[in-house]
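Inspection log for the structure reproduced underneath, given as structure tokens.
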Amino acid sequence: MAKKQHNPEPMKTNHIFAILAILAGIFAAFTSHSMKNNLYPTWKFEKARVDGEKVRYISANHLANLLYQKQSLTLLDARPWKDYDNYHIPTALHLDADQKPEGGKDMVVVYGSAEEKELYRMANSQPGKVYVLQGGMEAWYSMVLFPDMLQYRVRNSDQLMFILRRSGFFGGEAQNTQLLNLNVRESRYREGC
Amino acid sequence: MEIPEIYLLLFALLTGIAFGIFLEKAGFGNARKLVEQFYFTDMRMFKVLFSAIVTAMAGIYWLSYLGWLDITQIYINGTYIWPQVIGGVIFGVGFVMTGLCPGTACVSVFTGKLDALAVFAGMFAGLILFAELEPMLEGILSYSSIGDISLYELFNVEYGILTFVIILIALAAFWFVGKVEERIGKKAA
Amino acid sequence: MKTKQAYPYWNPYIVGVGLGILIILSFVVTGRGLGAIGAFNGLLASAIHAIAPDYAMSKAAFSNYLSGVEHPLRDWVVIEIVGVCIGGLISGVVSGRFKFEVLKGPRISNVTRLIVAFSGGVLMAFAAKFTRGCTSGLALSGGSVMSPGAWLFMISVFIGGYSVAFLMRKLWN
């Protein structure tokens with residue numbers, strides 16, 4: 001057999017590292033469940049297949065940002081009329097309303113209590129790309145109107161202020177602000193590193 | 001716990017010194033050594049980069065599990081899909097041209113390599129170029145940003161499981177890279 | 001005449017683990033990882049500001065920096081980069097690798113090498129601002145916290161590098 005390139009000594013260290021790495025990984029996999037990593041996802045769009053049909057989701061966080069920035073989109077409420085009259089997301093129109101939403105908007109967001117593909121199909125008659133609000137009204141309440149600041153992934157005071165302001169914009173109020181550890185570590189200049 | 005600024009800066013200095021020592025000891029002060037990565041004769045850059053990432057990843061996971069590190073408070077680089085892909089390719093081209101990256105260029109200059117000085121000058125020129133062209137690139141720069149998201153959120157898997165998977169992938173990659181080195185090294189020898 | 005023999009390089013995995021521990025410490029103490037290109041930008045912005053303040057403030061890349069930082073020497077990354085330089089110097093001298101020379105392949109001239117190095121530096125700095133980070137800031141630190149952008153960047157760097165390596169072999173071999 002041809003002579004090995006490395007002398008045996010470094011190979012031993014590498015083997016130790018490899019074993020340690022695997023052990024660390026196995027322990028990580030086992031303890032993974034107790035790690036709370038599902039803090040409010042701020043991921044904007046998600047695609048899924050519901051019963052074979054492709055459905056596009058939009059997170060409540062992103063929808064709120066779009067509305068807050070006055071982006072034009074068509075918002076449809078697919079819940080019973082009673083719920084709509086009680087409270088609906090600002091600028092939302094009920095699905096069966098006489099006043100049809102004005103066309104020309106290329107984004108349609110629908111929310112309701114029905115199943116996703118039902119909502120999807122209901123809204124598909126409108127022109128434009130259809131998105132289903134991920135988590136429905138509950139997500140809207142818990143992420144936008146009454147965000148629990150202990151759960152939100154806040155990185156700096158600007159972001160914190162934004163969430164508080166946005167919550168007030170829609171008529172809600174942030175929760176647990178007094179318990180929030182405002183000692184967020186801010187770096188002076190984040191654009192580059 | 002708020003740390004006074006002077007201690008943070010002192011920590012920065014010590015971290016930098018250690019960083020510089022490590023880079024130089026790995027041979028990255030030498031452009032010819034670094035660029036061998038791209039000719040398959042010495043895959044050091046890959047090894048150092050990924051073993052550092054894997055170590056840090058595992059360490060951060062474990063510290064956050066033990067509660068000594070709050071992962072919601074640390075800085076996660078934002079993801080801008082197209083700028084980072086295109087920029088990465090350009091960076092790779094520049095990398096092969098110079099044989100150095102910004103950090104290793106510092107190490108190289110301070111071990112006397114004059115070509116690294118040219119790289120320094122080029123980098124400053126590049127930064128000025130970028131500053132000049134930035135208004136035109138506004139649209140592309142912020143295009144396809146998906147925010148400060150983490151990989152496990154993106155794939156909707158658990159943090160620990162993904163750590164484990166990445167560790168396994170890295171170990172397999174190290175083994176593979178070692179084999180490539182032996183093969184090409186034998187051919188070249 | 002006795003020439004000082006350079007020490008051999010360390011095992012890359014040891015360096016990697018050492019760097020990893022350094023990154024962990026950095027996150028624990030400061031909440032962020034390492035960086036390189038940010039320091040260059042900061043130093044450049046401050047230098048330009050000292051010479052031509054109006055020009056510096058008119059460019060977004062510089063004014064963003066200057067409005068956020070009182071003095072470059074109070075910026076974390078700048079001090080870190082100074083440390084990198086010092087560390088490189090110490091290690092280079094101690095290991096016998098300090099030497100004034102131009103590193104290049106045997107088939108090209110010094111001038112060619114310097115010109116190519118300069119152009120490569122332009123490309124790298126430009127790209128690093130584009131991607132908001134270089135290998136130490138984005139790939140290393142971002143990869144440790146599992147930022148998708150870091151992984152995208154790393155893969156792209158390898159793709160970019162390997163695709164032109166063959167074309168540029170005359171530079172190095």
Side-chain angles (χ1 to χ4, degrees), chain B residues 9 12-13 16-17 19-22 24-27 31-32 38 44 47-48 51-53 55-57 59 74-77 79 83-85 87-98 101-103 106-107 110-112 114-115 118-119 122-127 130-131 134 150-151 154, chain C residues 9-10 12-13 15-20 23-24 31-32 36-37 44 59-61 76 79-80 83-85 87-89 91-92 98-100 102-103 114 116-118 120-127 129-131 134-136 142-149 152-153 156-157 160-161 164-165:
Chain B
L9 293 180
L13 189 65
I17 293 180
F19 192 19
I21 293 180
F22 279 135
E24 207 284 327
K25 281 295 186 188
R32 294 197 65 182
F38 292 98
R44 309 186 83 85
K47 288 182 188 175
V48 170
S51 51
I53 289 176
T55 316
M57 190 185 285
I74 57 178
Y75 178 61
I76 297 188
N77 302 63
T79 303
Q84 278 165 346
V85 167
V89 171
I90 299 178
F91 194 91
V93 171
F95 199 108
V96 176
M97 283 171 78
T98 62
C101 84
C106 287
V107 171
F110 278 79
T111 50
L114 299 170
D115 50 315
V119 175
M123 284 205 284
F124 285 124
L127 288 175
F130 179 84
E134 194 176 350
S150 277
L151 212 51
L154 187 61
Chain C
Y9 295 129
W10 280 359
Y13 294 119
V15 175
V17 170
L19 273 184
I23 294 174
I24 296 173
R32 56 169 299 167
I37 197 74
L44 183 66
K59 296 297 165 197
W76 206 90
I79 300 285
E80 186 221 325
V84 170
C85 299
L89 179 64
S91 177
F98 190 99
K99 189 168 159 212
F100 286 107
V102 175
L103 289 173
L114 291 177
V116 172
F118 182 88
V122 172
L123 283 180
M124 280 207 301
F126 191 85
K129 289 297 292 176
F130 218 72
T131 66
C134 65
T135 43
S136 27
S144 323
V145 290
M146 297 202 195
S147 158
L152 276 177
F153 174 71
S156 311
V157 167
V164 295

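Below, read A as the first sequence line, B as the second, and so on, with proteins coming before strands; counting in each chain starts at 1. The analysis underlying the following values was restricted to heavy atoms, covering all of them including side chains, and did not include hydrogens, waters or symmetry mates.
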Original post:
With chain C, which of B/Ile53, B/Ile90, B/Leu13 has the greatest number of heavy-atom pairs at distances under 4.5 Å?
Top reply: B/Ile53
**OP:** Please flag which part of C/Leu103 lies under 4.5 Å from any non-hydrogen atom of chain B: side chain, backbone, both or neither.
**Re:** both
Subject >> Max heavy-atom pair count under 4.5 Å with chain B, selected residue of C/Phe100, C/Phe153, C/Trp76 >> reply: C/Trp76
**OP:** Determine, stepwise, if the pair C/Leu114 / B/Asp115 fulfils side-chain contact (heavy atoms from CB on, under 4.5 Å).
**Re:** CA-CA 6 Å; C/Leu114 291 177; B/Asp115 50 315; 4.3 Å; yes
Subject >> Which atom of B/Ala52 lies closest to which atom of C/Leu19, heavy atoms considered >> reply: CB-CB, 3.8 Å
**OP:** Among C/Cys85, C/Gly92, C/Gly18, single out the residue with the greatest number of heavy-atom pairs under 4.5 Å to chain B.
**Re:** C/Cys85
**OP:** Look at the aromatic rings of C/Phe126 and C/Phe130 and report parallel, tilted or perpendicular, splitting at 30° and 60°.
**Re:** parallel
**OP:** Begin from the C-alpha positions of C/Ser156 and B/Phe91 and carry the test side-chain contact (heavy atoms from CB on, under 4.5 Å) through to its verdict.
**Re:** CA-CA 8 Å; C/Ser156 311; B/Phe91 194 91; over 6 Å; no
Subject >> Heavy-atom pairs under 4.5 Å with chain C, option from B/Ala125, B/Ser51, B/Gly94, B/Ala12 with the top count >> reply: B/Ala12
Original post:
Of all heavy-atom pairs between B/Gln84 and C/Gly149, which one has the smallest distance, and what is that distance?
Top reply: OE1-CA, 3.0 Å
